[in-house]
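Single-structure report; data block below.
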Amino acid sequence: MSDLEQTRLVRTELPGPRSAALMLRKQAFVSPGVGTTMPVFATRAAGGIVEDVDGNRLIDLGSGIAVTTVGSSAPRVVAAVQAQVAEFTHTCFMITPYESYVAVAEALARLTPGDHEKRSALFNSGSEAVENAVKMARSYTGRSAVVVFDHAYHGRTNLTMAMTAKVAPYKHGFGPFAAEVYRAPMSYPLRDGLSGAEAARRAIGQIETQVGAGNLAAVVIEPIQGEGGFVVPAEGFLPALADWCRTNGVVFVADEVQSGFGRTGTMFASETEDVVPDLVVSAKGIAGGLPLSAVTGRAEIMDAVHPGGLGGTYGGNPLACAAALAVIETIESDGLLERARQIETLVRERFARVDDPRIAEVRGRGAMLAVELVQPGTGEPDAALAKSIAAHAHSQGVITLTCGTWGNVIRFLPPLSISDELLTEALDIVVAGLEVTR
Ligand code: PLZ
């Protein structure tokens, strides 16, 4: 790891003067459509710390939205990318291919759920990979409809905006959206009180009456929802949907962009209930911060696409592939799946000691955990509380993110390389934020 000291340090007001000056430059030259969670500019990051331009050291509970799962500037990733950048930066895999792309596809065949024959295609972003999964499913089935769920987040491109549920800020003013996208009710145990089987019956009933299996190419679902609020469906929901898809010739796509690559204590969140998706979408954590995404799936589905039908200039860029291979080696050699489970235990134990009726639920898995905040009594979502807790954490040098359809969820996505000490310190600050806003 870099020599960045693994302690929190708040030596200026946040933002400090240099960050404040950079924010002014940002305002002058960067589209305001691109927001920032914290108005501080980073210079270095490693382990559980992000250092800013004013010399403050922030504890990282966000991992750049679940990306630096192995840690920012993880040593193997740094070495692999440095070596690759000196050899060649780009040839375009569609022009003259290179081994690392194939090695990533080979690793994905081994790491994704199921032992059937699989193939992969590599892309740059999560949204791009989700779009391509839909292309593959349509090509294979000859059908056009796509079912997604309440609270879903699948991206910001035209098709994935249509697939994303929440209008503000993701969709407002950006329509018209892609056609043939239908929304089904999600299993959200805290709010619907249904068992997995009941919620699946409700969703399938709606799909059958409003879409029809014969028109349906794919069901796309996040096994644990990300931006929508870290919603964990009730046990049995995902297997029932996957079964229904299998029976009806519908491609079952797991969007594991946020939940995948070790984040939840297994390589993929689908594994927890032994769900074997037809297509798995990976991104974020796959390459330690280099832009890379993948669709991995059943050979017969992947083989249905005509040659030249998939691709892109940069998809599976050699730097990103080198990084991905180093990420996989790091997860496997450093026992990071186990580390994700330890992080879950630590976070859950910390919140078990908080007796506060405004916390409706602590949920998630591994190092993908969240607290949902409500108004006691009514159970109404309390976005203002989430916002003020996050603001408190930010002022104390802790990077926290909120999420949820109603913005009332605080999520924890620490890098797995964070120490127990830093994690505990950061959680204490978040919990103190509850007190401040009482
Ligand atoms: N699918 C499940 O979580 C990205 C985006 C936040 P891209 N989530 C963070 C924001 O405000 O843009 C995401 C995801 C799931 C797809 C995506 C899209 O991945 O790499 O951002 O395109």
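One-based numbering, in listed order, for ligands and for the atoms of each. Only this structure's heavy atoms are used, side chains among them; waters, hydrogens and symmetry mates stay out.
A salt bridge is absent between R202 and E198; no separation between the charged side-chain nitrogens and carboxylate oxygens falls under 4.0 Å. In this structure, R76 pairs ionically with E329, as a charged nitrogen and a carboxylate oxygen lie closer than 4.0 Å. Salt-bridge formation is not detected for the pair D52/R18: no Lys NZ or Arg NE/NH1/NH2 atom is positioned less than 4.0 Å from an Asp or Glu carboxylate oxygen. Ion pairing between a basic and an acidic side chain is recognised when a charged N comes within 4.0 Å of a carboxylate O; E227 and R411 show such pairing.
Contact annotation: for E128 versus ligand 1, there are no heavy atoms closer than 4.0 Å. When non-hydrogen atoms are compared, ligand 1 lies under 4.0 Å from the backbone of S125 as well as from its side chain. Of all the heavy atoms of H154, the ones lying under 4.0 Å from any atom of ligand 1 belong exclusively to the backbone.
Given atom 19 (O) of ligand 1, the protein heavy atom at minimum distance is G126 CA, 3.2 Å.
The atoms of ligand 1 that sit less than 4.0 Å from any heavy atom of Q258 are 3 (O), 8 (N). Listed by number with element, the atoms of ligand 1 under 4.0 angstrom from any heavy atom of R156 are 10 (C), 11 (O), 12 (O). Within ligand 1, counting atoms from 1 as listed, the ones closer than 4.0 Å to a heavy atom of D255 are 1 (N), 2 (C), 15 (C), 16 (C). Applying the 4.0 Å criterion to heavy atoms of I65 picks out, from ligand 1, the atoms 6 (C), 9 (C). Which parts of ligand 1 touch E222 is read off a 4.0 Å heavy-atom cut-off, strictly below it: atoms 2 (C).
Scanning S259, G260, S127 for the heavy atom closest to atom 18 (C) of ligand 1 points to S127.
In this structure a side-chain-to-backbone donor-acceptor pair under 3.5 Å is present from S31 to G33.
Taking 4.5 Å as the limit, some side-chain heavy atom of E372 sits within range of a side-chain heavy atom of N408.
Heavy atoms of K284 come nearer than 4.0 angstrom to ligand 1 in at least one pair.
Every residue two or more places apart in sequence or in another chain that forms a salt bridge (charged side-chain N to carboxylate O under 4.0 Å, His left out) with R298 is listed here: D278.
Aromatic ring centres of Y182 and F149: separated by at least 6.0 Å.
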